Amino acid sequence: MAPIPQSNVDVLIVGAGPAGLMLALWLSRLGVVTRIIDKRTDKVFSGQADGLASLDKMTFSPTKLCFRFQARSLEILDSFGIGDRVWKEANQMFEVSFWNPNPDGRIQRNSRVSNNVAGLSRFTECVLHQGRMEKFFLDGIAASYPHPATPTHQIKVERMVIPTSLSIDETRVDDEDAYPLTITLQNLTEEEATPTQRLSNLSDGLFRSNLANDDIPQMIENSGGRKDVREEIIRAKYVVGCDGAHSWTRKNLGKDFEMHGEMTDYIWGVLDIVPITNFPDIRNRCMIHSESSGSLMIIPRENKMVRLYIQLTEVSPNGGRIDRSLITQEAIFKAAQKIISPYKLDYHYCDWWTAYQIGQRVGDKFDKLNRVFLAGDAVHTHSPKAGQGMNVSMQDTYNLGWKLGLVCKKVLRREVLSTYELERKQIAKELIAFDHKFSRLFSGRPAKDILDETGVSMEEFSNAFNMSHLFTSGLGVNYQPSPLVSKPAEHRIVKTDLEVKADQVAAYDSAQSTLYLAKNCIPGMRFPSFQVIAHSSAQHWQLHHKMPSDGRFRLVVFSGDISQPTRQSLVNDLGSWLSTDLLPKYPTIALSPGSEPHAGTMKFMPDRSPSIIDVLLIHTAKRSDVEMLRDLHHVYHPFDPKLGWDYDKVFVDEESYHHGNGRAYEGYGVDPEEGALVIVRPDGYVGLLASLERKGWEEVAKWFRGVLRTV
Ligand code: FAD
């Protein structure tokens, strides 16, 4: 018998859903040796739109899920250069309508409100199907290797592969150079990798539902008698289980990794159809509560489709046992017709349908020995209606990816990996609490009047909806104090509504800490983006566009008016200190060639920053009063012998020629008289606020000493 092949890899990712693909994207940008496997054949996701002949003018997606992209997810994808593709193709949702029963029991529109809070982000919620999302991720990963000197370890999803064993050599987990994890992989045949019902009915997505059983044991049993089973042994530094709700990785980590939570009696059906209807708000997001037939949510999609989430009251009458045989496409559709009546609803084309049972569960532990990590549905599950799952799952690995990558590159201290569980478990718990509340309000029976205590008051429901925006947009994430987030412990706030920001600013003000220096750059929250003007060219930019996800930390210098001699000399003294003292301790790493923003469309340009810390200067002087090369220290325009000066680091907060005034200082909450220094982590979250004066420099140095390894 031929020997089993063996190889080493820095990171093995199990599962190529949103969480796994986001991690692969990060690691491709950082040039980390990575493999990613998935049990499914890609035929599950692609190329099977044959049944659409009657509608052949439309291009439908052979999708399994449609995803609602929240504003923060779009910002993240944009930082990898793929956000604009989602934004252009997706259906953007601007309005939400609430429909409730009138005194005669007939549904009527109670209100229409904005689906997003203005001013939180340059993006708003939008919807796109999973197939396109996966394509953009795969293109983004491929774009990380555009140069002829492409690394041999280019990341590609290896499909129809499962892990069958995982062991950890605990004596070697603290050795940075060791590969303490051993994993056996096994290939599957096309048939083994295709969910059973998918073979017979293409639009049936029940295999993807939490009502379906885990199919891994069956896959292993089916492949047991096969002569051509191929095995492979991998030794890895890190394994990340992104393998969904039935996570094999989690189950292999033992009892400490069980999920806790509960299932409810609420069963919901999902239909993706092109509706034929006289319901007036079909192209709006709608929340419909009928008098006694359950609730319905409408999510307008691309290509004239809509997604309907339909409460199924008849499969578990009076909250009793679910009769799964009653869950059919027809039954789900009939339930929808009943809820929306007296309006008519019909369809010719159904793209996909499924059903699920609402439940909320979260794992106790997100990592084992900082060597095996769990992310996404593998460690938290909840109902899909609030559109959070893909977003939170992707954001888990957005949080983990740069940390793992920079530890593999020996830039970041290994202890920092502990912040993954600290930061993401908190978010998972907030998500579960939010989902619990939202699901109860949406699945509950509408109250008949104010004396009806068991029914849901529609005022309570729409208030909860309005208050939830900051959380559901992903922009309310507020990580706790840690080496990566410098703020007083008492400001650990875990609320999930709009009051958060106001509360925090007030709390920080009263604490008289440095946090007043940039009131809207709250440590632990994402650094916002405002329009600024390039000093060198007068071009307007969103500042986020100058902060791509390339593994660098950013030191943003809010200098105020640098045409004033005293301020200019302070900023230049800071420049000397940075270039002689701080930055040489943390030199640049060999990032993957595609790390430039918008790598897919831009020609390859090597990075010129001398350090892993990128310095950006935002000032308020008149552009004509300052000559960048003459007046400013070279740290603000680094020189490369082959490429000349870098003109992309100095920006002004002033009116643009054609795009108005970004009022960035106002947006960031910085007083130009005072100025500020802000450390932004590679994932865009604020790490530290410090004074522009010398006392702030030591704070900055201390923060970096706590997280980075020196040369
Ligand atoms: P998954 O997407 O489940 O991906 C896991 C991957 O791992 C899969 O590709 C699987 O094939 C693979 N895998 C599993 N086990 C193994 C193994 N042993 N070996 C190898 N590979 C393995 N979320 C939103 O944000 N917005 C929405 O609008 C939304 N709508 C939804 C609608 C429905 C009907 C459902 C069911 C979910 C919805 N969700 C939505 C939730 C969302 O789909 C999940 O939260 C999200 O997909 C989780 O991503 P993940 O990468 O963690 O896991």
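Just so it is clear, the model here is predicted, and its values are computed rather than measured. All ligand and atom numbering here is 1-based and tracks the order in the structure.
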Going by atom types alone, do [X] and [Y] pair a side-chain donor with an acceptor below 3.5 Å?
{"X": "Asp377", "Y": "Thr381", "result": "no"}
{"X": "Asp683", "Y": "Trp402", "result": "yes"}
{"X": "Arg29", "Y": "Ser144", "result": "yes"}

Hey, which atoms in ligand 1 end up nearer than 4.0 Å to a heavy atom of [X]?
{"X": "Cys242", "answer": "5 (C), 6 (C), 7 (O)"}
{"X": "Asn391", "answer": "25 (O)"}
{"X": "Trp248", "answer": "18 (N)"}
{"X": "Val161", "answer": "20 (C)"}
{"X": "Gly17", "answer": "4 (O), 6 (C), 9 (O), 51 (O)"}
{"X": "Tyr309", "answer": "28 (O), 30 (N), 31 (C), 32 (C)"}
{"X": "Thr354", "answer": "34 (C)"}
{"X": "Ala19", "answer": "51 (O), 52 (O)"}

- prompt: Is it true that Thr249 lies under 4.0 Å from ligand 1, counting heavy atoms only?
  reply: no
field: Non-hydrogen atom of His246 closer than 4.0 Å to ligand 1
entry: no
field: Arg40 N/O to ligand 1 N/O under 3.5 Å
entry: no
- prompt: Can you find an N/O atom of Val14 closer than 3.5 Å to an N/O atom of ligand 1?
  reply: no
Indicate, as side chain, backbone, both or neither, the part of [X] found under 4.0 angstrom from ligand 1 when only non-hydrogen atoms are considered.
{"X": "Pro18", "answer": "both"}
{"X": "His380", "answer": "neither"}
{"X": "Phe69", "answer": "neither"}

Identify each donor-acceptor pair in which a side-chain atom of residues 330-338 lies under 3.5 Å from a protein atom, sequence neighbours left out, and give them as a table.
| from | atom 1 | to | atom 2 | distance (Å) |
| --- | --- | --- | --- | --- |
| Gln337 | NE2 | Leu345 | O | 2.9 |
| Lys338 | NZ | Glu314 | OE2 | 2.9 |

